[in-house]
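A short worksheet on the structure shown next.
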Amino acid sequence: MPELPEVETVTRSIARLKGRRIAGVEFRSRRILRGAPPERVSARLEGRRIGAIQRYGKFIVLALDSGFLTIHLGMTGRLLLGGAAGKHTHAIFTFDRGRLLYDDSRQFGCIEFSEEFPARVARLGPEPLEVPFEEFAARLKRHKTRIKALLLNQAFVRGVGNIYADEALFRAGIHPMAVASRLREARVRRLFDGMVTVLTEAIAAGGSSISDYIDAQGRKGFFQFSHRVYQRTGEPCVKCGTLIRRVLVAQRSSHFCPKCQRPQVQ
DNA sequence: ATCGGTACCTGCACGC
DNA sequence: TGCGTGCAGGTACCGA
């Protein structure tokens, strides 16, 4: 499910939780909870009040009056305000008013409580919508990996995933297998602009609802209708009509137009 | 120190 | 109807 635009949408949709007090937490799955055992975490969370709610890349961090509750949605994680618990509900937060369910069929997501700001989040690269171009370009030049793999590397920039990496590369006219350090300045500029544009537009559209992504109030995004390459294998390129191809880069499906995104002319 | 490959888990679409 | 295969927004961890 969720990359930066989807996580941003979910984060905004739970903004109303600010100021609420946690009355109780029930963890139904051991797998999604990191660190201490469920009973211990529940006991520590009880009675704490929610302060600022912020997104860092694909992580949602709820600052409590003391400590931090960190949530990552993995591939299929959902936060739902109210509603009934289902087969894949792994955590239920009850507040002084209302409740929040964590649903995740594949259980790749996780929830973590820590007294200090989580190290995993602190280690992430800069926000792609905040990093200055010069810093983006300088960091990019240091990596000899393929550009697609670099965009997916959360230590490079945080929040870009498979959909938006492919969409940004298409907008920049760069082949996903191109070597990052060998990209010329003008192309790096186009990539930066493409990334910023696609993320901004996707946030405005409430994200991409590929199969089942919804925000905390059950609303779907509609940026999937604006995808130009992602999961469009065999369909004509919107610019030139050439059929979109799919290759594996870093074990992830990468969709591109073989004519608009040439491998050699970098 | 960077990398690429693999593991983790469930559900769905497809061909037979 | 069922079964096997491949694929899916994610990160962590391993050894080279």
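Predicted model, so just to flag it, every value in this text is computed and none were measured. Labels below follow one simple rule: chain letters A, B, ... track the order of the sequence lines, proteins then strands, and each chain is numbered from 1.
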With stacking defined as ring centroids separated by under 5.5 Å and planes differing by under 30°, is Phe108(A) stacked against dC8(B)? yes
Atom-pair distance (NE2 on His227(A); P on dA8(C)), nearest Å: 14 Å
Closest listed nucleotide, where the reference is the side chain of Arg252(A) and the choices are dG10(C), dA12(C), dG11(B): dG10(C)
Side-chain N or O of His88(A) versus OP1/OP2 of dG11(B): is the shortest distance under 4.0 Å? yes
For the side chain of Glu3(A), starting at C-beta, report the closest nucleotide among dT11(C), dG11(B), dG10(C). dG10(C)
How is Phe156(A) classified with respect to the nucleic acid when contacts are heavy atoms under 4.0 Å: base, sugar-phosphate, or nothing? nothing
Do the rings of Phe93(A) and Phe95(A) sit parallel, tilted or perpendicular, given the 30° and 60° boundaries? parallel
Closest-nucleotide 5' rank along DNA chain C - winner of Ser253(A) and Arg123(A): Ser253(A)
Can you tell me the distance, in whole Å, between the OH atom of Tyr102(A) and the P atom of dG10(C)? 13 Å
Arg146(A) side-chain proximity, nearest of dG4(B), dA8(C), dG11(B): dG4(B)
Can you check the Arg106(A) CZ to dA12(C) P distance for me, whole Å? 16 Å
Whole-Å gap separating C1' (dA12(C)) and CD1 (Ile32(A)): 17 Å
To the nearest Å, give me how far apart CZ (Arg78(A)) and P (dG10(C)) are. 17 Å
side-chain N/O Arg31(A) vs dC9(B) OP1/OP2, d < 4.0 Å: yes
Roughly how many Å is it from CD in Glu112(A) to C1' in dT11(C), rounded to a whole number? 13 Å
Please work out whether the ring planes of His72(A) and Phe59(A) are parallel, tilted or perpendicular, with thresholds of 30° and 60°. perpendicular
Nucleotide dG10(C), atom C1' - distance to CG of Asn162(A) in whole Å: 10 Å
Atom CD of Gln251(A) and atom P of dA7(B): how far apart are they, to the nearest Å? 11 Å
Quick one: label Ser29(A) by what it contacts on the DNA or RNA (base, sugar-phosphate, nothing), any heavy atom closer than 4.0 Å. nothing
Whom does dC14(B) pair with, Watson-Crick or G-U wobble, provided both distances fall under 3.5 Å? dG4(C)
Quick check: Phe156(A) with Phe136(A) (ring centres under 6.0 Å apart)? yes
Distance below 4.0 Å between Lys58(A) side-chain N/O and dT11(C) OP1 or OP2: yes
Check: Phe256(A) ring centre within less than 6.0 Å of His175(A) ring centre: yes
Which nucleotide sits closest to the side chain of Thr145(A): dT11(C), dG4(B), dT10(B)? dG4(B)
Under 30°, 30 to 60°, or over 60°: which ring-plane class applies to Phe117(A) and Tyr56(A), parallel, tilted or perpendicular? perpendicular
Any side-chain N or O of Lys87(A) under 4.0 Å from OP1/OP2 of dT10(B)? no
Rounded to the nearest 0.5 Å, what's the gap from NZ on Lys220(A) to OG1 on Thr9(A)? Could you check? 14.5 Å
